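Have a look at the structure below, then the notes.
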2 protein chains.
Amino acid sequence: MQTIAPELAELAGLIADPGRASILSRLMDGRAQTASELALVAGVTPQTASWHLSRLVERALLKVERRGPRRFYRLATPLVAQMLEGMMTVAAIDPDPSRPPPRIDPEMRRARTCYDHLAGELGVAVTDAMLDRGHLNLDQEAGELTASGRAFLGDLGIDLRSPARSRRVLCRPCLDWSERRPHLAGRAGAAVADLALQRDWIRRRPQGRSVEITDAGLLAFRNLFGARI
Amino acid sequence: MQTIAPELAELAGLIADPGRASILSRLMDGRAQTASELALVAGVTPQTASWHLSRLVERALLKVERRGPRRFYRLATPLVAQMLEGMMTVAAIDPDPSRPPPRIDPEMRRARTCYDHLAGELGVAVTDAMLDRGHLNLDQEAGELTASGRAFLGDLGIDLRSPARSRRVLCRPCLDWSERRPHLAGRAGAAVADLALQRDWIRRRPQGRSVEITDAGLLAFRNLFGARI
DNA sequence: GCAACGCTTCGATCATGATCGAAATGTTCA
DNA sequence: TGAACATTTCGATCATGATCGAAGCGTTGC
């Protein structure tokens, strides 16, 4: 029985190193980072990081882009981000409830981006608020935007009409590994995150994947979305 | 910056062994298998398989159930299956298009179950047919069942009303690693697969994850669903 | 051209974990 | 109780791959 198993093992092996896992985790916000920055987050020397990075590029998990003497690395495709989402969800489940839960950076837990959408307490709060108001239906497996949800996002200036087909699906759940509950992802989730960045409701922190909620953002999420945050 | 990265690496390490990857792949149909059977598919001796299995149970990827002197292993939660789906999707992407694509067992490619729904050519054909008829909207990221889709499945005797909430979401896409296209998953996908098994349209093969399409099944999928298979 | 800088390649070392033979454990059935 | 069988535990061996120092490469700017 030939299956995909050997390729699966090979792929997993690539993620199985703490340094490479840190690098991939760092790149989960979808932005590009330099080799030096990634060496830092991996906690290894630049030459070791370089070796890790070349393996990840070779296996097409990362793309590299040269800008002057620097090399910027980013996730190769959204598919890789989605795979990592799924793995982090399982990784966050502690098999032994007696030992203390993994210490998660409070800023990270508060608010971060997950590839292209909001995650952490903020992501879950926004999602919950939209659920409460009937803008969404969502469970761990699947999600859909209601007519009221489309109208709500439309009023915020988000144009969800796809350039190609009007019947495109917009909404999927992403299991939040820090909150252990689903939050809004998919095109609708990306649109909300884009809006929040554009209106300066959230700001990316210079390092790390966490984002800062501005005062204006706090008001907007509370008043416009009705989020309890 | 404390993140989930160490847990991610640990989890990946568990999948990174070819034997364990084979075991997990074998269990992707959601059924339970004995330790001996799994040793066979992993291509290792029973004592080695036992060591692998205990690690997978310890990390809560598998559940074990004792029946007499045998031990039956199965995936611990649907979340694990969904994670493996995502990994297989990425694993199936060949980073080097020049080398020949991984040889996939033809029976596996033809028709198999992916945890609780149909996959392979059969899964994709059924999905395509439902898309053509307007029963579904589906892309790589998200999916939704239309009113006509609900009616269609209802006519087949599938009751999609959730015991709890009526507004539950039913439908999600699962990227087929052998066909490299999405097929129907989620509760609707599981319901279709259940129906097919109950009506003897498909039969599980004694070993492996692939299923056999019966003559009656071929007719049903073609005539009832309009699947080109 | 040369210096500065970012990054990669090479080479040697070292640790982790996969493997199986042998033996022990546990379960069922007579 | 004892025999048959499935599975696990123990112990020793062996291979893979992560690591970093040193050196090399390539780009930029003076």
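Throughout, protein chains are lettered first and strands after them, A, B, ... in sequence-line order, and every chain is numbered starting at 1. The model shown is predicted, which means the values in this text are computed figures rather than measured ones.
- Contact check, B:Y73 against D:dA6: no side-chain N or O comes under 4.0 Å of OP1 or OP2.
- Checking B:S210 against B:R110 by side-chain atom types alone, no donor-acceptor pair falls below 3.5 Å.
- For residues 70-85 of chain B, the set of pairs meeting the side chain to side chain donor-acceptor pair (under 3.5 Å) definition, not counting sequence neighbours, comprises B:E85-B:R172.
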Do any N or O atoms of the protein come closer than 3.5 Å to N or O atoms of nucleotides 9-19 of chain D, and which pairs are they?
| unit_1 | atom_1 | unit_2 | atom_2 | d |
| --- | --- | --- | --- | --- |
| D:dA18 | OP1 | A:R20 | NH2 | 3.3 |
| D:dA18 | OP2 | A:R20 | NH1 | 3.2 |
| D:dA18 | OP2 | A:R55 | NH1 | 3.0 |
| D:dT19 | OP2 | A:H52 | NE2 | 2.5 |

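- A side-chain N or O of A:T48 and one of A:T45 form a donor-acceptor pair less than 3.5 Å apart.
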Requested in this report: At under 4.0 Å between heavy atoms, which parts of nucleotides 24-30 of chain C does protein reach? Answer with one letter per nucleotide, 5' to 3': B base, S sugar-phosphate only, - none.
Outcome: --SSS--
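- Side chain to side chain, A:S178 and A:R112 meet the donor-acceptor criterion of an N or O pair below 3.5 Å.
- Following rounding to the nearest Å, A:E65 (CD) and C:dG6 (P) show an atom-to-atom distance of 18 Å.
- Under the ring-ring contact (aromatic ring centres under 6.0 Å, His included) criterion, B:H183 pairs with B:H117, not counting sequence neighbours.
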Report task. Could you walk me through whether A:T214 and A:R203 pass side chain to side chain donor-acceptor pair (under 3.5 Å), step by step? Result -> CA-CA 7 Å; A:T214 63; A:R203 285 183 201 144; 5.5 Å; no
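- Sorted by first and then second residue, the pairs that involve residues 198-220 of chain A and meet ring pair (Phe, Tyr, Trp, His ring centres under 6.0 Å), not counting sequence neighbours, are A:W201-A:F221.
- With sequence neighbours left out, A:R199 forms a side chain to side chain donor-acceptor pair (under 3.5 Å) with no residue at all.
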